[in-house]
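Everything numeric here is computed off the predicted structure, so don't read it as measured data.
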Amino acid sequence: MDHAADAYRTDLMTITRYVLNEQSRHPESRGDFTILLSHIVLGCKFVCSAVNKAGLAKLIGLAGETNVQGEEQKKLDVLSNEVFIKALISSGRTCILVSEEDEEATIVEPSKRGRYCVVFDPLDGSSNIDCGVSIGTIFGIYAIKDDHEPAPADVLQPGKYMLAAGYCMYGSSCTLVLSTGNGVNGFTLDPSLGEFILTHPDIKIPKKGKIYSVNEGNAKNWDGPTAKYVENCKFPKDGSSSKSLRYIGSMVADVHRTLLYGGIFLYPADKKSPNGKLRVLYEVFPMSFLMEQAGGQAFTGKQRALDLVPKKIHERSPIFLGSYDDVEEIKALYAAQDIEK
């Protein structure tokens with residue numbers, strides 16, 4: 001038995017240790033935020049386990065209902081949603097929950113209430129379960145003033161007011177990427193320990209990337225700037241080499257690759273979806289928060305994504321996010337279009 005190796009393994013930066021370290025930098029902290037994050041982490045572990053045995057447990061296939069977005073629900077969607085709702089309420093630290101699967105916001109009963117509001121997509125990309133493509137959970141956390149009865153309007157804040165955001169990707173490994181407003185860190189689940197270990201400290205997105213990620217099947221419906229940008233990716237005018245196209249169709253997987261390797265992820269508005277397709281609160285905001293924390297940018301076609309003020313909890317928006325210089329290019333194309341108008 002290799003005792004030295006075992007001793008080394010106990011000196012790991014687990015996500016619990018990392019969050020406690022962060023907490024110690026705020027002497028006024030009561031530990032509520034730490035408790036909330038540990039419940040989110042538990043939810044992620046549970047869903048990871050369920051995703052891994054989905055085929056065996058007959059969880060694949062439709063649960064027979066349609067969610068508020070008109071998507072047929074997989075059984076795993078329903079399960080993941082229940083897991084996160086229960087984990088968040090039982091933390092005793094939340095007052096409002098907004099889930100992609102539920103039409104209305106969940107207001108937590110007074111005896112279990114805290115000061116945090118969590119917005120989440122419990123299982124993003126769930127239509128990919130059957131073919132083994134990576135899927136994930138996306139979440140964002142706000143604090144609200146506890147001087148009034150919580151209401152859904154409390155959640156309709158710009159993304160720049162989020163305290164933390166992250167996603168957990170269930171793929172070849174289970175990876176949790178988190179930012180508490182102080183950079184971005186990636187943790188990987190060690191199944192033998194049941195712990196998330198810090199494997200990607202202080203993630204910084206490259207300033208410019210070689211990859212663009214977009215559903216080109218929608219090209220005939222795109223607006224001018226998006227069409228021009230993708231054309232430039234394929235046929236650069238400045239003599240540089242073309243960008244590579246990578247598109248998985250699962251937002252968590254596409255954004256994860258963009259974060260690590262650089263480049264740009266686009267889900268523009270088009271004639272078919274004039275307001276874009278991705279939801280502001282629990283897809284656009286958390287991913288934009290992570291991108292900015294990693295040194296990238298996120299843009300809606302009109303403004304910085306995190307400045308957007310949502311009017312409804314399931315509102316949608318176009319989004320362009322990724323490497324700083326790549327997003328600058330698309331911003332310039334939209335600015336040029338505005339001048340022409």
Side-chain angles (χ1 to χ4, degrees), residues 124-125 128 133-134 136 138 167 169 171 177 184 203-278 280 283-306 308 316-341:
D124 185 72
N128 289 314
V133 167
S134 295
I138 310 171
Y167 58 81
M169 185 173 74
V177 174
V184 181
I203 298 170
K204 290 278 179 254
I205 186 169
K207 196 154 186 292
K208 191 171 174 59
K210 301 191 174 96
I211 295 169
Y212 73 104
S213 184
V214 64
N215 182 352
E216 291 224 34
N218 293 331
K220 68 171 185 172
N221 296 318
W222 286 345
D223 62 12
T226 300
K228 199 174 282 184
Y229 180 80
V230 172
E231 184 73 7
N232 290 346
C233 289
K234 295 194 270 198
F235 305 101
K237 308 277 191 296
D238 59 2
S240 60
S241 53
S242 311
K243 288 190 190 304
S244 296
L245 169 66
R246 298 282 183 275
Y247 187 71
I248 298 162
S250 174
M251 189 192 191
V252 173
D254 280 313
V255 170
H256 186 65
R257 183 202 54 249
T258 305
L259 194 59
L260 295 183
Y261 300 163
I264 187 167
F265 170 83
L266 311 86
Y267 211 116
D270 59 27
K271 292 183 190 121
K272 210 167 56 181
S273 311
N275 298 320
K277 189 91 183 287
L278 298 174
V280 173
E283 288 174 329
V284 170
F285 279 170
M287 294 311 200
S288 301
F289 186 92
L290 290 166
M291 276 299 163
E292 286 199 6
Q293 284 290 324
Q297 289 196 82
F299 177 65
T300 67
K302 293 192 175 83
Q303 64 188 127
R304 174 191 174 208
L306 293 179
L308 193 65
R316 299 170 190 262
S317 168
I319 186 66
F320 306 87
L321 51 78
S323 294
Y324 193 93
D325 290 356
D326 293 325
V327 178
E328 276 298 304
E329 280 178 42
I330 195 99
K331 281 163 78 172
L333 290 168
Y334 272 98
Q337 176 186 259
D338 291 344
I339 292 164
E340 284 165 22
K341 283 179 183 169

Item checked: M291 side chain reached by V255 side chain, heavy atoms, under 4.5 Å -> yes

Item checked: Minimum heavy-atom distance P236-S240, with the two atoms named -> CG-O, 3.2 Å

Margin query: For a quick test of reading the model, state the closest non-hydrogen atom pair linking V214 to L266 and the distance between them.
Written below: CG2-O, 3.7 Å

Item checked: Contacts of type side-chain hydrogen bond (donor to acceptor under 3.5 Å, both in side chains), residue E283, not counting sequence neighbours -> R279

Item checked: Heavy-atom side-chain proximity of N218 to K271 below 4.5 angstrom -> no

Check: Can you name the closest pair of heavy atoms from L333 and P225 and give their distance?
Finding: CD1-O, 3.6 Å

Note to self: Run the side-chain hydrogen bond (donor to acceptor under 3.5 Å, both in side chains) test against D270 and tell me which residues pass, sequence neighbours left out.
What the structure shows: none

Next item on the list: Would you name the heavy atoms of A305 and I319 that are closest together and state the gap between them?
Entry: CB-CD1, 3.7 Å

Notebook entry, point to check: Got a second to check how far S317's OG is from K302's NZ, nearest 0.5 Å?
Noted result: 8.0 Å

Next item on the list: Mark yes or no for whether S250, through its side chain, and S134, through its backbone, hold a donor-acceptor pair below 3.5 Å.
Entry: yes

Notebook entry, point to check: Near K210 NZ, under 6.0 Å, is it more than 12 heavy atoms from other residues, nucleotides or ligands?
Noted result: no

Notebook entry, point to check: For V284, which of L321, L306, L278 qualifies under side-chain contact (heavy atoms from CB on, under 4.5 Å)?
Noted result: L278

Check: Is there a side-chain contact between K277 and R316 (heavy atoms, below 4.5 Å)?
Finding: yes

Note to self: Enumerate the ring-ring contact (aromatic ring centres under 6.0 Å, His included) contacts for residues 211-253, please, sequence neighbours excluded, ordered by first and then second residue.
What the structure shows: none

Notebook entry, point to check: So, E328 and K207, do they make that salt bridge, N to O below 4.0 Å?
Noted result: no

Notebook entry, point to check: Just by distance, with hydrogens left out, do K331 and Q297 show a side-chain donor and acceptor under 3.5 Å apart?
Noted result: yes

Item checked: Shortest non-hydrogen contact from L259 toward A294 -> CD1-CB, 3.6 Å

Next item on the list: Not counting sequence neighbours, which residues clear ring-ring contact (aromatic ring centres under 6.0 Å, His included) with F265? List them please.
Entry: none

Checklist line | Rounded distance [0.5 Å steps], CD1 in I264 versus CD1 in I211 | finding: 12.5 Å

Next item on the list: Please list all pairs passing the side chain to side chain donor-acceptor pair (under 3.5 Å) test where one or both residues lie in residues 253-269, with sequence neighbours left out.
Entry: Y167-H256, S213-D254, S213-R257, D254-R257

Checklist line | Atom pair CD1 (I330) and CG (N232), whose distance is rounded to the nearest 0.5 Å | finding: 9.0 Å

Item checked: Minimal non-hydrogen separation, F320 against P268, with atom names -> CZ-CB, 3.8 Å

Check: Does a donor on one side chain and an acceptor on the other come within less than 3.5 Å for S323 and D325?
Finding: no

Next item on the list: Side-chain contact test, heavy atoms from C-beta onward, threshold under 4.5 Å: evaluate it for K243 versus D326 and give yes or no.
Entry: yes

Check: Could you give all pairs that pass the salt bridge (Lys or Arg N to Asp or Glu O under 4.0 Å) test and reach residues 214-223, with sequence neighbours left out?
Finding: E216-K234

Checklist line | Steps toward side chain to side chain contact (heavy atoms under 4.5 Å, CB included) verdict (I205, Y324) | finding: CA-CA 8 Å; I205 186 169; Y324 193 93; over 6 Å; no

